[in-house]
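Below you'll find the structure, written out as structure tokens, and then a few comments.
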Amino acid sequence: MRSLMLGAALAAAAASASAQESGGTMVMVTQPEPPNLASYLSTSGPIGQVATKVYEGLVTLGWDFEIQPALAKSWEVSEDGLTVTFNLQDGVTWHDGEAFDSADVQFSIMNVLREVHPRGGATLSIIEAVETPDPLTAVLKLSEPAPYLMVALNGYESPMVAQHVFEGTDIRANETANAPVGTGPFKFVEWQKGQYVRLDKNENYWRDGRPYLDRVVVRFIADASTRTAAMENGELHFAAFGAIPNIDVPRLEEMDSIEVTTKGYEYFAPIMQLQFNVDAKPFDDPAVRRAVATAMDREFVVENIWFGFGKPATGPISSNFAASGIYTADVPSFEVDDRIAAANKMLDDAGYPRGADGVRFSIVHDMTPYGEEWRRFGEYTKQVLAEIGVAAELRYEDVATWLKRVYTDYDYALSSNWLFSMPDPVLGVHRQYHSNQIRPGTVFVNGTKWSSPETDALMDAAKTETDPAARAELYAKFQNIIVEQSPIVFMHELEFTTVYNTKLHNAVSGPLGVYNSFADVWLEQ
Amino acid sequence: MTDLSEAPHGQGAPTTRGRAADFWRRYVRNRSAVAGLVILLTVIAMAALAPLLYPADPFSLAGRPMSPPMTGQFLLGSDTLGRDIAAGMAHGARTSLLIGVVATLVAVGLGVLMGGLAGYYGGWIDDVLMRLTEVFQTIPSFIFAILLVAVLTPSIVNIIIAIAVVSWPALARLVRGEFLSMRNREFVQANVVMGMADWRIILVQILPNCLSPIIVAASLLVATAILIESGLSFLGLGDPNVMSWGFQVGAGRTVLRRAWWIVTFPGLAIMLTVLAINLVGEGLNDALNPRLRERAS
């Protein structure tokens, strides 16, 4: 996996050194075909892959999550953190010719994203009003400081939509859901269902000389081996988010015409985990949870089950946050020489002796019902537990039943799972640990029933702390407590691959990866 | 065409030993049936000896993942997690045979009950039962089995239920046909005149006389049941706590290019076992089917 990243870095360096060329048609594949192109209505991945070329956000993100200009040229955050003033780009027009101005920003945030976007309701709830002193200035008034806000204003998470298109209509049923009108580098042209979406160059794009490409064609190919073959013979230039199965990736990577990178997914930072029901025996005892965390061999799981696409995780916050200082590796470590012996000793010491049959206690282990790898992971977990005297029976249910078991009934002891960490802990991490996130019926929130006034207080403080150093300190404490208490065993940071043709340059240019606008992407003729 | 089908079973027949010898003589005349029997006995032996040969859990992570055959302690190599393929196959044989036999017994029970009642009573009972059978027969059996297991959640009991539910209709029709032809034979009518209870006539008089085709059909059903179980496991609908050949093939298919042995050996086991059972079924057919017997002598 290291070599993959290094390769990507070298490719990126080489790309920026050579001269950009204009023109050409880029062909990418998106799997599966999106149901619509309304990224203001859904965070679904395939929708975002297409819609981010058409809709833009106020800002975009650099590799270390530094906020970079997009529709907003510049911005100021007031001393108290309660006012954010955006100065908008001059001369931006919608694809239908109307001018883009601050009223569109106001409408997008207050009437669209806060109302209908799945995450917008929570993320943007602290925005009390958007003031528009002039057409090129938008002022966000916040109810409390929100250090996570800026990062969420990117084109994938918070697309800016046209007021004149949506006003007075039912936003959820607007006719542009399948034919978006944005400000982005590419204009929507047509969508042949089951085949492709065609996006053509926006000749009036506000950035001079961009985009380089004349056209982006997004193809939909249902069969995995057909996608691999199309990539192999050069029919496709670009495939992201597992569109090419991991198992085929090493073979493609050896081809001279194909490049593979695991970068461009930092925005999501998914962590693979084993989660306990900390409310029920036997995992209400932190010593038992730590024993399980000790017994699991993270390297083995990454190498043999995920075919090397991942890296061992150390705690609740992804190492992608290292640059912003939020992540710390300085937490209790479960790495020991003889994992099984150490875990056995921990269980002996904690007062769980083995019975005559060598079993300390029996549990049922629920497996994430997402397919092969999760099955293998469950089988592996069962064997490891057997070695430390825990008899586990495996259970594999359909997604709806499993979600209900974990997030509504809490009728489980130990389940595998994976969640996106998102670009700020407030967005992706708090939901799993805050006691106010124990919300029966809401999925991918606090399913372990972990509840601690101490961690609640740390998260509440970090949510409004605007000083980066102080915030990092709060999160360092948080990570230490969570790892020490281990309501969740952090297995590994999941890696996805982007496979692209070497003729394509700047294909992955930031943590948003495939969700970038592709204005800078160019094709060697 | 005298001893088995015309006279009531078990009365005034030749000695059991003589009949068995007769049966065996006819069976061995079919060479491929003997070969099938040898393979099947090997599989049975493998299943019986599995706990002795491989006392450890077949899921245990025994060594280096993806070891090729004949390396280290692995006779047939190891899979992606380092599980011993040979151990998995030995324990998988138990699963396959268990599911094959039990599911068949359940299906035969259901089939005989439905077919027997329909054939013996005829009339509206026949109509109702046969329409019901047809409803089941119109649904593609493997798809139906997938649906049942998915709804019932994968476990060994549910897999047996699913296989039995999709397998009984064919048997029911077979049994019904046999019963229809027996219903009006003299010995049955004699029993009716004697005032024998219906259930006794069905169980003691007619059923023993149509056992041959049932045995042949059931033996083939075992093969089908093993195939369905393998297919379900391959698709990830097997009991996750039980080792089976289909599971091994399914778990290894993603690495076919890199580790051919993971899918090959269990795949061969499925193929050979199913083939063997079919050959044995054919041999049984030769040995038990009266018409063929007549032609032969």
Side-chain angles (χ1 to χ4, degrees), chain A residues 224-225 228 245-252 254 295-297 299-308 339-340 357-359 362-387 391-402 405 416, chain B residues 55-67 77-85 87-88 91-92 146-159 232-244 246-260 262-263:
Chain A
S225 47
T228 303
N246 275 357
I247 192 72
D248 288 334
V249 168
R251 194 161 52 82
L252 292 184
E254 282 171 17
M296 300 294 288
D297 185 347
E299 293 278 358
F300 181 94
V301 169
V302 170
E303 284 309 314
N304 295 298
I305 300 178
W306 269 271
F307 300 108
R339 293 172 292 102
I340 300 301
D357 53 356
V359 176
S362 301
I363 60 156
V364 174
H365 172 37
D366 290 282
M367 296 179 280
T368 318
Y370 289 173
E372 284 292 305
E373 288 102 342
W374 283 272
R375 283 290 284 254
R376 296 292 92 74
F377 180 59
E379 288 155 15
Y380 168 79
T381 305
K382 174 177 167 158
Q383 292 307 315
V384 169
L385 292 176
E387 287 186 61
E393 192 189 316
L394 297 177
R395 182 162 52 198
Y396 194 80
E397 297 172 316
D398 60 283
V399 176
T401 312
W402 171 74
R405 181 181 292 285
S416 52
Chain B
D57 183 345
F59 282 99
S60 64
L61 313 174
R64 205 168 63 81
M66 299 225 246
S67 307
S78 67
D79 74 359
T80 52
L81 292 183
R83 295 175 291 212
D84 190 341
I85 304 281
H91 285 266
I146 291 178
L147 178 77
L148 286 172
V149 172
V151 171
L152 296 171
T153 73
S155 75
I156 204 145
V157 173
N158 290 337
I159 290 168
L232 289 171
S233 298
F234 175 83
L235 294 176
L237 286 167
D239 187 328
N241 297 292
V242 177
M243 183 53 83
S244 94
F247 164 80
Q248 289 188 293
V249 176
R253 73 180 191 275
T254 44
V255 290
L256 181 58
R257 281 169 187 250
R258 279 199 280 162
W260 56 270
I262 301 178
V263 295

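The sequence lines fix the lettering, A, B, ..., with proteins before strands; numbering per chain opens at 1. Below, each value reflects all heavy atoms present in this structure, side chains not excepted, and no hydrogens, waters or symmetry copies. Just so you know, these numbers come straight off a predicted model, no measurement behind them.
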Just verifying a value: how many Å separate B:Thr80 OG1 and A:Asn304 CG, rounded to the nearest 0.5 Å?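 Result: 7.0 Å between the selected atoms.
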Going from CD on A:Gln383 to CG on B:Leu61, what distance comes out if it is rounded to the nearest 0.5 angstrom?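 A:Gln383 CD to B:Leu61 CG: 5.0 Å, rounded to 0.5 Å.
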Where do B:Gly236 and A:Arg375 come nearest, in terms of heavy atoms and distance? O-NH1, 2.6 Å
Between B:Arg83 and A:Glu379, is a side chain to side chain contact (heavy atoms under 4.5 Å, CB included) present by the stated rule, with each step listed? CA-CA 11 Å; B:Arg83 295 175 291 212; A:Glu379 288 155 15; 2.6 Å; yes
Does any heavy atom of chain B fall under 4.5 Å from the side chain of A:Ala386, the backbone, both, or neither of them?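 It is neither, since no heavy atom gets under 4.5 Å.
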Proximity breakdown for B:Arg253 and chain A, heavy-atom pairs closer than 4.5 Å: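 When you check distances to chain A, only side chain atoms of B:Arg253 fall under 4.5 Å.
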In sequence, state the C-alpha distance, the side-chain angles, and the governing distance for B:Leu237 and A:Tyr396, and then conclude on side chain to side chain contact (heavy atoms under 4.5 Å, CB included). CA-CA 9 Å; B:Leu237 286 167; A:Tyr396 194 80; over 6 Å; no
Contact leader toward chain B among A:Arg395, A:Glu397, A:Lys382, where contacts are heavy-atom pairs under 4.5 Å: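 Answer, by heavy-atom pair count under 4.5 Å with chain B: A:Lys382.
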Side-chain (A:Arg376) to main-chain (B:Leu81) donor-acceptor, under 3.5 angstrom: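 Flag not set: sc A:Arg376 to bb B:Leu81 has no pair under 3.5 Å.
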Under a 4.5 Å cutoff for heavy-atom pairs, which residue among B:Asn241, B:Val255, B:Thr153 has the most contacts with chain A? B:Asn241
